[in-house]
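Everything below concerns the one structure shown next.
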Amino acid sequence: MSLLLTRRRAAAAVLTAALLVPLAACGSDDKKDADSGSEATSSASGAPKADLTVLAASSLTDVFKEAGAAYEKANPGTKVTFSFAGSQELAAQVKQGAPADALVTADTKTMDGLSGDTGKPTVIAKNRLVIATGEGNPEKVENLKDLADPKLKVVLAAPEVPVGRYSEQILDAQKIEVKPVSQEPNVRAVLSKVELGEADAGLVYKTDAATTTDKVDAIEIPDAENAIASYPAATLKASKHSEAAAAFVAWLSTPEAQKILQGAGFQQP
């Protein structure tokens, strides 16, 4: 009886071990599934997947649509939605707690004023101003001094707007007094006034004038009389997708993004 009992116990031990093998394998598969699920939260490039909202200066409207499409293609599963407005409007949105993940302004002053709400900013591009006139330059505007002609309908951006400040800066430096027929909330509004013939001329960024060459002529302003606009980008501390936001902001300085920006006429930072 003792020998039979021993054999039975040995058989039971073998059976138990056999049953545990598939369970262990199952546990291993579960771990693999968990690991693969973790990897699924990142794109092929390693950037975390997320639906990002980026607040961006109006002058970035066209180029950022192209850049966003390129980023989404390189990072499957990530969607980038842009909200364009004047930098001062974007700053107000951030202060009011608008849900967003990153911010790109057309000047460092606006970004610096939001230091408590953003990560460390990085300048991703630069720009310059031109004089925008109707197609064919019917009023024969040649330089900044011509904008002082009281017969000329000139439109500028409001002084709170970066392009408005830059405009004021270069006009003051040349001691040119301009009385605009209107002051607009962003550079695209200035450009639109000229496009529609509601103004004879306006000061806009070079890149904005380049988006509508069939309706607007751009009169170059000499470097010595011009201003340089810097575009800083930063993550927002209130972002719910901080890692994904940081990946997008970092991407804006990569060769791929810089090629898109410079192809649109922006200067390298």
**OP:** May I ask you to check whether Thr212 and Glu195 show a side-chain donor-acceptor distance below 3.5 Å?
**Re:** yes
Original post:
If you draw a 6.0 Å radius around CD in Glu256, do more than 12 non-hydrogen atoms from other residues or ligands fall strictly inside?
Top reply: yes
Original post:
Between Thr211 and Asp62, what is the shortest heavy-atom contact and its length?
Top reply: CG2-OD2, 3.5 Å
Original post:
Are any side-chain N or O atoms of Gln258 and backbone N or O atoms of Ile124, one a donor and one an acceptor, separated by less than 3.5 Å?
Top reply: yes
**OP:** Fit a plane to each ring of Phe248 and Tyr71, take the angle between them on a 0 to 90° scale, and name the class: parallel (under 30°), tilted (30 to 60°) or perpendicular (over 60°).
**Re:** perpendicular
Subject >> Exercise: identify the closest heavy-atom pair between Val249 and Ala102 >> reply: CG2-CB, 3.9 Å
Subject >> Interatomic distance, Leu252 atom CG to Thr122 atom OG1 [nearest 0.5 angstrom] >> reply: 9.5 Å
Subject >> Closest non-hydrogen atom pair, Val123 against Ser230 >> reply: CG1-CB, 4.2 Å
Subject >> Any donor-acceptor pair under 3.5 Å from Gln88 side chain to Pro185 backbone >> reply: yes
Subject >> Contact summary for Val190 and Ala157, nearest pair of heavy atoms >> reply: CG2-N, 3.6 Å
Subject >> Distance-only polar pair, side chains of Tyr231 and Thr108, donor-acceptor under 3.5 Å >> reply: no
**OP:** Apply salt bridge (charged side-chain N to carboxylate O under 4.0 Å, His left out) to the pair Lys240 and Asp101, showing each step before the final yes or no.
**Re:** CA-CA 7 Å; Lys240 295 181 179 179; Asp101 303 290; over 6 Å; no
**OP:** To the nearest 0.5 angstrom, please state how far the CD atom of Gln267 sits from the CZ atom of Arg128.
**Re:** 5.0 Å
Original post:
Is a side-chain donor-acceptor pair under 3.5 Å present for Ser182 with Glu184?
Top reply: yes
Please list every donor-acceptor pair under 3.5 Å in which a side-chain atom of residues 196-208 meets a protein atom from a residue at least two apart or in another chain.
unit_1, atom_1, unit_2, atom_2, d
Glu198, OE1, Lys193, NZ, 3.2
Asp200, OD2, Lys153, N, 2.8
Tyr205, OH, Val163, N, 3.3
Thr207, OG1, Asn127, ND2, 2.8
Asp208, OD1, Arg188, NE, 2.5
Asp208, OD1, Arg188, NH2, 3.3

Original post:
Can Tyr166 be reached from Ile170 by stepping across I, L, V, M, F, W or Y side chains whose heavy atoms are under 4.5 Å apart?
Top reply: yes
Original post:
According to a 4.5 Å side-chain heavy-atom criterion applied to Ile, Leu, Val, Met, Phe, Trp and Tyr, with indirect links allowed, do Ile219 and Val187 form part of one hydrophobic cluster?
Top reply: yes
Subject >> Full working for side chain to side chain contact (heavy atoms under 4.5 Å, CB included) between Thr81 and Leu52 >> reply: CA-CA 6 Å; Thr81 300; Leu52 297 175; over 6 Å; no
Original post:
Which atoms form the tightest heavy-atom contact between Ser59 and Phe266, and what is the distance?
Top reply: O-CZ, 3.6 Å
**OP:** Could you walk me through whether Glu89 and Ser87 pass side chain to side chain donor-acceptor pair (under 3.5 Å), step by step?
**Re:** CA-CA 5 Å; Glu89 294 179 49; Ser87 296; over 6 Å; no
**OP:** Could you pull out the closest heavy-atom pair between Glu168 and Pro159, with the gap in Å?
**Re:** OE2-CB, 4.1 Å
Original post:
CD1/Ile221 to CG/Asn226 distance, rounded to the nearest 0.5 angstrom?
Top reply: 5.0 Å
